[in-house]
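In what follows, a structure is listed as structure tokens, so that the remarks can point back to it.
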Amino acid sequence: MALSGVGAVPEEVRRGRNRLAVAVVLGHGIKHIYNSGLHSILLAVMKSDLGLSGAQFGLLSTSGNVTSGATTMVAGYLGDRFANRSGIMLLISLSMMGISYFLLGIAPNYWLLFTVMLLVGIGPSLYHSPAIASLSRKFPDKRSFAISWHGTGGSVGEVVGPVLTGGLITGTYFVAFHWSDVLKLSAGPALVFALLIYLMMRGIPTASSETESLRDYFSALSKLLLHRGMQALVLATVLRSMGQDAIMAFLPVYLLEDQSISAIVIGLFMAGIQFVGILAQPAMGWLADKFGHKVVLVPTTAALGLLMIALKFAPTDNPVIFSVGPVSVALPGIEFGIVGLAMGAFLYSLHAIYIAAAVDVAQGESQSTVVSLIYGASFLGAFSPFLAGVIADLGTTSDAFVYGGATVLMAAAVMGLTRMPRLRTPAN
């Protein structure tokens with residue numbers, strides 16, 4: 001049964017949903033401040049400071065991806081098994097993130113850094129399944145739009161994270177901090193916000209039923225994987241994640257090492273990329289709800305792949321920093337900057353649409369499991385940064401952009417060949 005508006009949604013579903021949405025979006029923003037600060041600035045600075053090869057650097061990113069993918073599948077089960085305890089799961093997620101970053105800051109050598117990166121992948125991956133499933137259940141009438149706002153919170157975090165971290169590293173705001181000090185200091189705010197998000201979500205029911213057992217979970221998962229539309233979405237997600245992980249791992253390295261651009265300029269540029277996504281995500285969610293997911297996914301995924309490849313050939317001469325009111329953006333070359341900003345419109349916006357499409361394919365059933373399946377699909381591409389590092393070692397850093405773009409174009413081809421239903425069903 002399709003829902004035409006808020007008035008068609010039962011009162012028990014609507015109750016508390018705006019407060020829940022604010023909490024989920026805020027928590028997602030906090031998570032991505034940490035995530036973007038680490039992956040956009042800190043890991044690149046660590047690579048340079050420790051003299052790591054491309055393969056060693058890629059292996060650090062890969063280690064986090066491996067545990068992230070595996071944990072996401074566990075989170076899917078927990079999200080459906082304890083559907084009305086999402087606040088507790090988000091509390092655990094953000095708390096683990098802060099603790100793991102502190103441990104990363106005190107790790108004394110490469111192999112301990114590698115080991116802690118395995119832990120770093122766990123905390124954030126516990127967040128998405130219960131958070132997005134809660135939104136999906138509470139907003140069955142505006143599913144893509146609501147999930148896109150979740151993504152918008154992440155994009156805000158991706159804007160703030162690189163600027164904040166780059167400023168702390170270079171001493172732009174107060175004094176210059178060593179990368180290890182930034183990681184150690186980050187634990188406190190993470191624990192504070194973890195408690196805040198839990199208190200905001202406390203007492204809001206998000207589901208009328210919960211998965212009874214592990215057998216029920218695997219039964220639902222098996223049923224989902226038999227659907228051709230779900231198989232295509234999982235494959236496309238794997239390919240898109242492979243390309244995106246490679247690009248986002250090596251873009252800061254390329255700017256820092258190959259182009260000798262400062263950390264604060266890189267931070268502003270990476271923030272600018274994500275700022276475009278803040279504006280794009282709700283618009284793409286609205287379009288997907290109105291015209292169907294495939295109409296949005298195929299051309300935008302293809303555009304993302306082409307833009308990634310274009311990064312290799314765009315010049316980075318004469319970095320430019322300009323301000324619009326309180327917002328400052330750095331372009332490492334006008335042409336390179338335009339390509340990067342255009343790419344930012346699709347980087348995270350697409351992920352929300354892929355999730356909403358998967359929930360519709362599943363007809364609203366086992367929503368945490370569906371979310372975990374799409375996020376967990378990235379596990380199959382976990383070694384992509386390592387592969388990109390090997391490619392960079394054999395050639396140049398920018399060759400990783402061609403590899404990343406080509407895999408994303410394959411994802412667009414998969415979606416173009418797949419028949420997708422256009423369904424909107426009420427939550428469980």
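Numbers here simply count residues along the sequence, with the first being 1.
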Inset, instruction - Begin from the C-alpha positions of F102 and L185 and carry the test side chain to side chain contact (heavy atoms under 4.5 Å, CB included) through to its verdict. - result: CA-CA 7 Å; F102 177 82; L185 291 170; over 6 Å; no
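- Residues V339 and L307 approach most closely at CG1-O, 3.3 Å, considering heavy atoms.
- Listed for the E158 side chain is no donor-acceptor partner under 3.5 Å among the backbone atoms of I33.
- Residues forming a side-chain contact (heavy atoms from CB on, under 4.5 Å) with F57 (at least two apart in sequence, or on another chain): L43, K47, A249, F250, V253.
- Between atom NE2 of residue H293 and atom CD1 of residue I355 there is a gap of 11.0 Å, rounded to the nearest 0.5 Å.
- Between S48 and L256, some side-chain heavy-atom pair lies under the 4.5 Å cut-off.
- Here the CG-CE distance, from L90 to M201, works out to 5.0 Å after rounding to the nearest 0.5 Å.
- Contact between G123 and S93 at its shortest, heavy atoms only, is O-OG, 2.6 Å.
- Side chain of D245 to main chain of S384: no donor-acceptor pair is present (N/O by atom type, distance under 3.5 Å, no hydrogens or angles).
- The closest donor-acceptor contact from the side chain of Y403 to the backbone of L387 lies at 3.5 Å or more, if one exists at all.
- Of all heavy-atom pairs between V24 and A131, the closest is CG1-CB, 3.8 Å.
- Within the 4.5 Å cutoff, the side chain of S63 has no heavy atoms near those of the T67 side chain.
- Taking 4.5 Å as the limit, every side-chain heavy atom of V276 sits out of range of all side-chain heavy atoms of L347.
- No side-chain N or O of Y254 forms a donor-acceptor pair with one of T396 less than 3.5 Å apart.
- Heavy-atom neighbours of R228 CZ from other residues, nucleotides or ligands within 6.0 Å: at or below the threshold of 12.
- Note that NE2 of H28 is 10.0 Å distant from OG1 of T152, once rounded to the nearest 0.5 Å.
- The side-chain heavy atoms of L104 and L42, taken from C-beta on, include no pair separated by under 4.5 Å.
- With S40 contributing its side chain and G37 its backbone, the two residues share no donor-acceptor pair below 3.5 Å.
- Taking both residues in full, the closest heavy atoms of A236 and Y354 are given as CB-CE2, 3.8 Å, listed atom of the first, atom of the second, then distance.
- For residues 95-123, the set of pairs meeting the salt bridge (Lys or Arg N to Asp or Glu O under 4.0 Å) definition, not counting sequence neighbours, is empty.
- Summarising the geometry of I309 relative to A406, their closest heavy-atom pair is CD1-N, 4.1 Å, with the distance given to 0.1 Å.
- The backbone N or O of M97 sits nowhere less than 3.5 Å from a side-chain atom of Y34 that would complete a donor-acceptor pair.
- The backbone N or O of P162 lies less than 3.5 Å from no partner atom in the side chain of T165, so there is not a single donor-acceptor pair.
- Counting only N and O atoms by type, the side chains of Q56 and Y110 include no donor and acceptor under 3.5 Å apart.
- Under the 3.5 Å distance criterion, the side-chain polar atoms of K31 are left unmatched by any main-chain donor or acceptor of G154.
- The shortest distance between side-chain heavy atoms of N35 and H32 falls below 4.5 Å.
- Put simply, the side chain of Q244 does not reach to within 4.5 Å of the side chain of V408, judged on heavy atoms.
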Inset, instruction - Go through L287 and V295 one step at a time and tell me if the side chain to side chain contact (heavy atoms under 4.5 Å, CB included) criterion holds. - result: CA-CA 9 Å; L287 289 171; V295 172; over 6 Å; no
Inset, instruction - Might you work through the side chain to side chain contact (heavy atoms under 4.5 Å, CB included) test for V163 and V160, ending with a clear yes or no? - result: CA-CA 6 Å; V163 176; V160 174; over 6 Å; no
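- With values rounded to the nearest 0.5 angstrom, M415 atom CE is found 8.0 Å from T237 atom OG1.
- For the atom pair CG (L168) and CD1 (I41), the distance works out to 10.5 Å, reported to the nearest 0.5 Å.
- Counting heavy atoms from C-beta outward, F269 and L255 have side chains that approach closer than 4.5 Å.
- Shown here are the ring pair (Phe, Tyr, Trp, His ring centres under 6.0 Å) partners of H39, two or more places apart in sequence or in another chain: there are none.
- Nearest approach of A400 to A246, heavy atoms of both residues: O-CB, 4.5 Å.
- The distance from the CH2 atom of W179 to the CG atom of L38 is 10.5 Å, given to the nearest 0.5 Å.
- At distances below 3.5 Å, not a single donor-acceptor pair connects side-chain atoms of S398 with backbone N or O atoms of K312.
- Remark: side-chain polar atoms of T397 are not paired, donor with acceptor, to backbone N or O of A392 under 3.5 angstrom.
- In this structure the side chain of M410 never reaches within 4.5 angstrom of the side chain of R240, judged on heavy atoms.
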Inset, instruction - Applying side chain to side chain contact (heavy atoms under 4.5 Å, CB included), run through F193 and L196 and close with a yes or a no. - result: CA-CA 5 Å; F193 277 105; L196 175 63; 4.1 Å; yes
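- A donor-acceptor pair is defined here as one N or O able to donate and one able to accept, closer than 3.5 Å; no such pair exists between the side chain of S95 and the backbone of I92.
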